[in-house]
Amino acid sequence: MFKRKDLLGIQELSREEICFILDTAESFKEVLTRPIKKVPTLRGKTVINLFHEPSTRTRVSFEIAGKRLSADTINISPSASSLTKGESLKDMAKTLEAMNPDIIVIRHPIPGAPHFLAQKAKFAVINAGDGAHEHPTQALLDLLTIREHKGKIEGLKVAIVGDIIHSRVARSDIFALVKMGAAVKVVGPPTLIPPLIEKLGVVVEYNLERGIADCDVIILLRIQLERQNRLFFPSIREYSRLYGLTLAKLSKAQKDVLIMHPGPINRGIEIDPQVADAPFSLILDQVTNGLAVRMALLYLILGGES
C-alpha cells in the first residue's frame, strides 16, 4: 500500500511501496488506450504545477495526468508569480494554502525545496525535481519501462552513462534500481562521477565499452551544461567521441539491450541518431509510462476512489 502525504524522493520509499506504485500505474495505462481517456476519479480536487525550471515532459505529463483524472489543474511559472517581486517560497506556500489546493507538484533549482514546502504547508507535495538532488517520478517511470520490457528488475545489469554528478535522475535511478535488486554501474569521465558514489551500491567505470559490457539496460544522461560552473571536459566533441553511444560501441552490450534516456536528448553528443531511433530504444515508451506513473501518484496521494 501507499499511504503518504507527499512524494519527495525515492530514497524514503520501501520496495513494497515502489511495487504498489508500479502496479497502479500499469492499471492506469489501460485508461490511456480508451477512446475517451478521462475518468472522474479526482473530480473536485485541485492540482497546482509550480515549475521554477524549464520542462516539457514532466510538466506536461503532470498537467495531462491531472486532467485525465478530472482534477482542476493550474500551472504557475516563476515569471508569472510573485516570486519575481521577492516573495519567499514560504510566503508563497502560505498564500497558496489559503486557497485550499489539494496538491502541489514542484520543480525547483534548490535541493530540498519540495521538502521545505511539505513541512510548511498542509497540502500534499510531489517533487518533480529539486536541483541536482532527486527526480523520483522519473525513476518510477524508468522502473516501469524496464519491468514492462524485461519482465523483472531484480538481477538485471544496468549502466547509467554520462553526467552523473549533476543528474538528479541518476541519483533517483540509483536509489530505485539498487533497492529493486539490479546491479548498477555508473559510467563517465572522472570529473563527472561524484566522489564516494560507490557507497550507494554502484560500480564505477570510466571506459564506455567496459561499462556497458554485458548490460541489459543502458540509461544515457544529457550533458547538463546549464548546471556546470566550470568545464568538466575539454570539449563536447571529445566527450561524444569517448562517451557518445553508437551502434559500434553498443555491440559490447547484450544483444537484447534496452536504451533509455530521460530527455531531452542531444543527438550526436550522448547518443547517435541511429541508436536513438532504433527499435530497442525506449525513449518514447518512457514518456508514455511517465503519464501513467503520474496519474497513479495523483490518485494514490489524493485518495481517489476506484
Side-chain angles (χ1 to χ4, degrees), residues 6-10 25 32 46-69 71-84 89 92-93 96 101 103-118 123-145 162-163 166-173 176 219-228 260-267 269-271 276 282-298 301:
D6 312 297
L7 177 72
L8 302 176
I10 289 292
L32 302 177
T46 302
V47 179
I48 296 178
N49 294 321
L50 181 60
F51 277 64
H52 294 257
E53 291 182 325
S55 171
T56 300
R57 292 157 186 77
T58 307
R59 183 186 61 79
V60 172
S61 65
F62 266 115
E63 182 179 359
I64 294 175
K67 291 180 176 178
R68 291 280 190 266
L69 297 170
D72 298 316
T73 306
I74 300 165
N75 295 319
I76 301 177
S77 63
S79 60
S81 73
S82 295
L83 292 171
T84 59
L89 186 61
M92 176 180 238
L96 293 173
I103 190 166
I104 287 187
V105 179
I106 180 171
R107 169 168 289 187
H108 203 282
I110 298 176
H115 305 69
F116 175 82
L117 192 64
F123 48 72
V125 176
I126 292 180
N127 180 4
D130 59 327
H133 178 222
E134 272 217 59
H135 193 350
T137 61
Q138 180 68 46
L140 290 167
L141 73 89
D142 286 347
L143 290 182
L144 180 61
T145 305
D163 190 352
H166 298 103
S167 176
R168 54 193 171 212
V169 173
R171 281 168 181 76
S172 287
D173 272 350
I219 301 174
L220 300 168
L221 302 173
R222 181 177 63 89
I223 293 297
Q224 300 187 33
L225 296 174
E226 72 276 10
R227 295 190 194 278
Q228 299 184 17
M260 299 170 62
H261 194 303
I265 64 173
N266 291 314
R267 290 174 180 266
I269 299 179
E270 68 261 8
I271 186 168
L282 304 181
I283 296 171
L284 295 181
D285 294 60
Q286 289 173 269
V287 176
T288 301
N289 286 336
L291 181 52
V293 162
R294 284 149 189 155
M295 287 176 70
L297 286 169
L298 291 175
I301 290 175

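We count residues from 1, following the sequence as given. Just so we're clear, the structure is a prediction, and the values are computed from it rather than from any experiment.
Of all non-hydrogen atoms in Phe123 and Pro101, the two that sit nearest each other are CB-O, 3.6 Å. Closest approach of Pro136 and Ser172 over heavy atoms only: N-OG, 3.6 Å. The shortest heavy-atom contact between Val293 and Thr137 is CG1-O, 4.1 Å. Here the closest heavy-atom approach between residue Ala276 and residue Ile265 is recorded as CB-CD1, 4.0 Å. Smallest separation of non-hydrogen atoms from Leu144 and Ala25: CD2-CB, 3.9 Å. In plain terms, the two heavy atoms of Ser61 and Arg294 that are nearest each other are OG-NH1, 2.8 Å.
A 4.5 Å side-chain heavy-atom check between Leu140 and Leu7 finds at least one atom pair inside the cut-off. Side-chain contact between Leu32 and Arg68 is present, with heavy atoms from C-beta onward closer than 4.5 Å. Using a 4.5 Å heavy-atom threshold, the side chains of Leu221 and Pro262 count as touching. Met295 is listed as a side-chain neighbour of Leu69, based on a closest heavy-atom distance under 4.5 Å.
Rounded to the nearest 0.5 angstrom, Asp142 CG and Leu282 CG are separated by 10.0 Å. The CD1 atom of Ile126 lies 12.0 Å from the CG atom of Leu117; values are rounded to the nearest 0.5 Å. Taking CG of Leu96 as the start and CG of Leu50 as the end, the distance is 7.0 Å to the nearest 0.5 Å. For the atom pair CZ of Phe62 and OG1 of Thr73, the computed distance is 11.0 Å after rounding to the nearest 0.5 Å. Between Asp173 atom CG and Leu143 atom CG the span is 7.0 Å, to the nearest 0.5 Å. Taken to the nearest 0.5 Å, the CG atom of Leu141 stands 6.0 Å off from the CD atom of Gln286.
The main-chain N or O of Thr46 is never found under 3.5 Å from a side-chain atom of Asp72 such that the two would form a donor-acceptor pair. A donor-acceptor pair under 3.5 Å is absent between the side-chain atoms of Asp130 and the main chain of Pro111, judged by distance alone.
Checked against His133 for a ring-ring contact (aromatic ring centres under 6.0 Å, His included), the options His115, His166, His108 give a single hit: His115. Each of Ile106, Ile76, Ile103, Val105 was checked for a side chain to side chain contact (heavy atoms under 4.5 Å, CB included) with Ile48, and the lone residue meeting it is Ile76. Thr58 pairs with exactly one of Glu53, Gln138, Arg107 by the side chain to side chain donor-acceptor pair (under 3.5 Å) rule, that one being Arg107. The side chain to side chain contact (heavy atoms under 4.5 Å, CB included) test with Val169 singles out one residue from Arg222, His135, His261, and that residue is His135.
Side chains of Thr145 and Asn289: a donor on one and an acceptor on the other come within 3.5 Å. Using modelled atom types, one finds a donor on one side chain and an acceptor on the other under 3.5 Å when comparing Asn75 with Glu63.
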